[in-house]
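Hydrogens, waters and symmetry mates are skipped; everything else that's a heavy atom, side chains included, is used.
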Amino acid sequence: MTAPTVTTAPAFRDRRPSRRVPTARVVLYCALVLGLLATLAPFAWMFLGSVKPTGEIVAHPSSWLPRSATLANFEQLLSKQNFGLYFLNSTLVAVACVLGNLLFCSMAGYAFAKIEFAGKRLLFGLVLTMLIIPGVTTFVPLFVLVSNMGLGNSYLGLVLPFLVTPFGVFIMRQFIRDIPDALVEAARLDGAGESRIFFRVILPLTRPALATLAILTFLAQWNNFLWPLVVAQTEDHYTLPVALALFSVGANGTNYGLLLAGAVTVVTPIILLFLALQRHFIQGVANTGIK
């Protein structure tokens with residue numbers, strides 16, 4: 001009698017996906033970390049150097065961490081006469097330029113994106129042409145124009161040339177162009193005028209682009225040095241970059257501790273602004289095609 005054959009079940013194979021990270025991804029992550037460290041290194045040196053005595057900053061070999069941390073640089077910076085006025089001047093100029101760009105650039109962007117008028121393509125071509133013209137080529141004619149208007153050494157002279165920028169018009173036009181035309185046409189059918197459509201329909205939908213424009217404009221005007229240096233002829237109109245450049249240089253050379261403390265003071269508002277608006281900034285950059 002033949003013994004019955006017993007069939008052996010195949011061994012169970014673990015079909016779970018492997019958790020091994022591809023080598024290419026590891027290399028990519030390492031490259032990103034190195035790039036991040038290279039980007040943050042100057043800022044780390046600036047913040048650490050601002051609490052170092054001048055002797056440690058210029059010492060060779062230098063060290064990253066301060067051997068004897070001190071706030072003397074900030075005390076010296078804040079004790080400078082009219083420092084509060086310089087900070088207020090920078091704030092007023094930057095905020096005024098931001099508000100002007102948010103209003104006028106968005107209005108121009110709406111006109112180029114949603115309104116048909118004669119010469120539209122020609123005018124927008126001129127805006128694009130202004131993007132590729134270096135600012136130094138228009139610096140002298142702009143200064144002569146402002147001086148002839150009697151706006152030299154005034155807050156209006158510091159602000160007026162930057163209330164509208166070609167770059168701001170471009171990014172607002174790119175964002176508003178992607179808003180469905182049906183929304184605008186529906187508002188027009190309901191009897192809404194162009195101004196009501198702009199303020200009630202368009203502006204609420206352009207918050208990411210407005211946040212992007214606000215950050216970029218604030219950054220440019222807060223750090224603007226050459227134009228305030230030329231236009232502001234008295235100390236009561238100096239902005240922070242101009243004041244720091246003048247007060248950080250002494251008879252015996254550059255005061256690096258004071259300069260680093262001033263740089264921290266200038267950079268901190270920009271960092272806080274970006275942290276507050278970073279979500280809208282990233283969304284605005286992605287939707288306006290800025291690379």
Side-chain angles (χ1 to χ4, degrees), residues 91-133 135 138 142 145-146 149 151 155-222 269-270 272-291:
T91 303
L92 290 177
V93 171
V95 171
C97 291
V98 167
L99 295 179
N101 274 265
L102 293 183
L103 177 62
F104 299 125
C105 291
S106 57
M107 293 175 67
Y110 169 67
F112 283 123
K114 299 299 182 182
I115 300 178
E116 296 297 330
F117 56 90
K120 173 180 176 179
R121 293 186 178 181
L122 176 61
L123 290 177
F124 188 68
L126 293 177
V127 172
L128 295 180
T129 303
M130 291 299 297
L131 287 175
I132 62 177
I133 297 178
T138 60
L142 188 61
L145 179 62
V146 170
M149 295 174 62
L151 299 179
Y155 292 108
L156 189 58
L158 293 171
V159 172
L160 185 61
F162 305 101
L163 289 179
V164 183
T165 58
F167 181 73
V169 174
F170 173 75
I171 65 173
M172 293 306 300
R173 184 257 184 185
Q174 293 299 105
F175 190 92
I176 296 175
R177 187 183 61 173
D178 294 334
I179 296 177
D181 294 335
L183 294 177
V184 179
E185 295 299 331
R188 288 171 180 167
L189 290 176
D190 290 339
E194 297 298 335
S195 60
R196 187 175 182 181
I197 295 174
F198 173 73
F199 286 105
R200 296 293 184 88
V201 179
I202 299 299
L203 275 188
L205 298 177
T206 58
R207 291 178 182 176
L210 292 175
T212 303
L213 181 59
I215 292 177
L216 295 178
T217 304
F218 187 89
L219 176 63
Q221 298 307 317
W222 185 263
I270 298 174
L272 295 178
L273 179 65
F274 177 77
L275 292 178
L277 302 177
Q278 61 175 332
R279 180 172 62 88
H280 297 291
F281 177 77
I282 295 173
Q283 183 179 355
V285 169
N287 292 338
T288 54
I290 304 175
K291 301 299 182 182

Report the distance from atom CD1 of Ile115 to atom CZ of Phe198, rounding to the nearest 0.5 Å.
9.5 Å
Are any non-hydrogen side-chain atoms of Leu203 and Leu210 less than 4.5 angstrom apart?
yes
Return the minimal non-hydrogen interatomic distance between Gly168 and Leu213, and the atom names on each side.
CA-CD1, 3.5 Å
Hey, does Leu156 have a side-chain heavy atom less than 4.5 Å from the side chain of Val146?
no
Measuring from atom OG1 of Thr91 to atom CZ of Phe218, what distance do you get when rounded to the nearest 0.5 angstrom?
6.5 Å
Please work out which of the three classes, parallel, tilted or perpendicular, describes the rings of Phe170 and Phe167, given edges at 30° and 60°.
tilted
Audit row: Thr165, Asn101, side-chain contact (heavy atoms from CB on, under 4.5 Å) steps and yes/no:
CA-CA 7 Å; Thr165 58; Asn101 274 265; 2.9 Å; yes
Between Ser106 and Thr206, is a side-chain contact (heavy atoms from CB on, under 4.5 Å) present by the stated rule, with each step listed?
CA-CA 9 Å; Ser106 57; Thr206 58; 5.7 Å; no
Glu194 vs Tyr110 side-chain heavy atoms within contact, under 4.5 Å
yes
Indicate yes or no for a side-chain donor-acceptor contact from Lys114 to the backbone of Ile179 under 3.5 Å, with no hydrogens or angles considered.
yes
Go through the structure and list residues passing side chain to side chain contact (heavy atoms under 4.5 Å, CB included) with Val159, not counting sequence neighbours.
Val93, Ala96, Cys97, Leu163
What do you reckon, is CZ of Arg200 surrounded by more than 12 foreign heavy atoms closer than 6.0 Å?
no
Do other residues, nucleotides or ligands put more than 12 heavy atoms under 6.0 Å from the CZ atom of Arg196?
no
When rounded to the nearest 0.5 Å, the distance separating CH2 of Trp222 from CD1 of Ile215 is 15.0 Å
Please report the closest heavy-atom contact between Leu131 and Pro166, naming both atoms and the distance.
CD2-C, 3.7 Å
Separation between CD1 (Ile176) and CE (Met107), nearest 0.5 Å, reads 10.5 Å
Distance from Leu219 atom CG to Ile270 atom CD1, nearest 0.5 Å?
4.5 Å
With a 4.5 Å limit on heavy-atom distance, are the side chains of Leu123 and Phe112 in contact?
yes
In Å and rounded to the nearest 0.5 Å, what is the CZ to CE distance from Arg177 to Met172?
13.5 Å
side-chain contact (heavy atoms from CB on, under 4.5 Å) for Val98 and Gln221? Distances and angles first, verdict last.
CA-CA 9 Å; Val98 167; Gln221 298 307 317; over 6 Å; no
Can you confirm whether Leu160 sits close enough to Met149 that some side-chain heavy atom of one is under 4.5 Å from a side-chain heavy atom of the other?
yes
For Phe104, ring pair (Phe, Tyr, Trp, His ring centres under 6.0 Å) partners two or more places apart:
none
